[in-house]
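Single-structure report; data block below.
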Amino acid sequence: MPSSEKRKLLVKEIQEVPDHCLDELLVHIQQLKNHSSDTDSIAVSTFEQLLQSTSDQYKEVWKVLA
């Protein structure tokens with residue numbers, strides 16, 4: 001299902017949520033967004049660590065070859 005259809009479906013479903021549940025729904029949506037950004041930053045951090053490690057290993061190889 002394309003993203004545009006998913007968004008339309010989500011909007012429809014949210015419009016049908018009872019008013020007394022909106023606060024709880026908002027909290028869950030914010031947690032999902034935070035989790036997504038946390039996951040992105042973890043992935044970037046892991047990539048940077050792997051890149052640094054690889055760079056350090058290549059420096060050692062070049063020292064030995066020099």
| said: Applying a strict under-4.5 Å side-chain criterion to I, L, V, M, F, W and Y, I'd like to know whether Ile14 and Leu9 cluster together. | reply: no
| message | Can you tell me how far apart CG (Leu10) and CD (Gln15) are? Round to the nearest 0.5 Å. | response | 11.0 Å
| Non-hydrogen side-chain atoms of Asp19 and Leu22 separated by less than 4.5 Å | yes
| Looking only at heavy atoms, what is the nearest atom pair of Lys6 and Met1, with distance? | CE-O, 3.1 Å
| said: Salt bridge or not between Lys63 and Glu60? Use side-chain N to carboxylate O under 4.0 Å. | reply: yes
| query | Hey, are the side chains of Ser53 and Gln49 touching, using non-hydrogen atoms and a 4.5 Å cut-off? | reply | no
| task | Check whether any side-chain heavy atom of Glu24 sits under 4.5 Å from a side-chain heavy atom of His28, and report yes or no. | result | yes
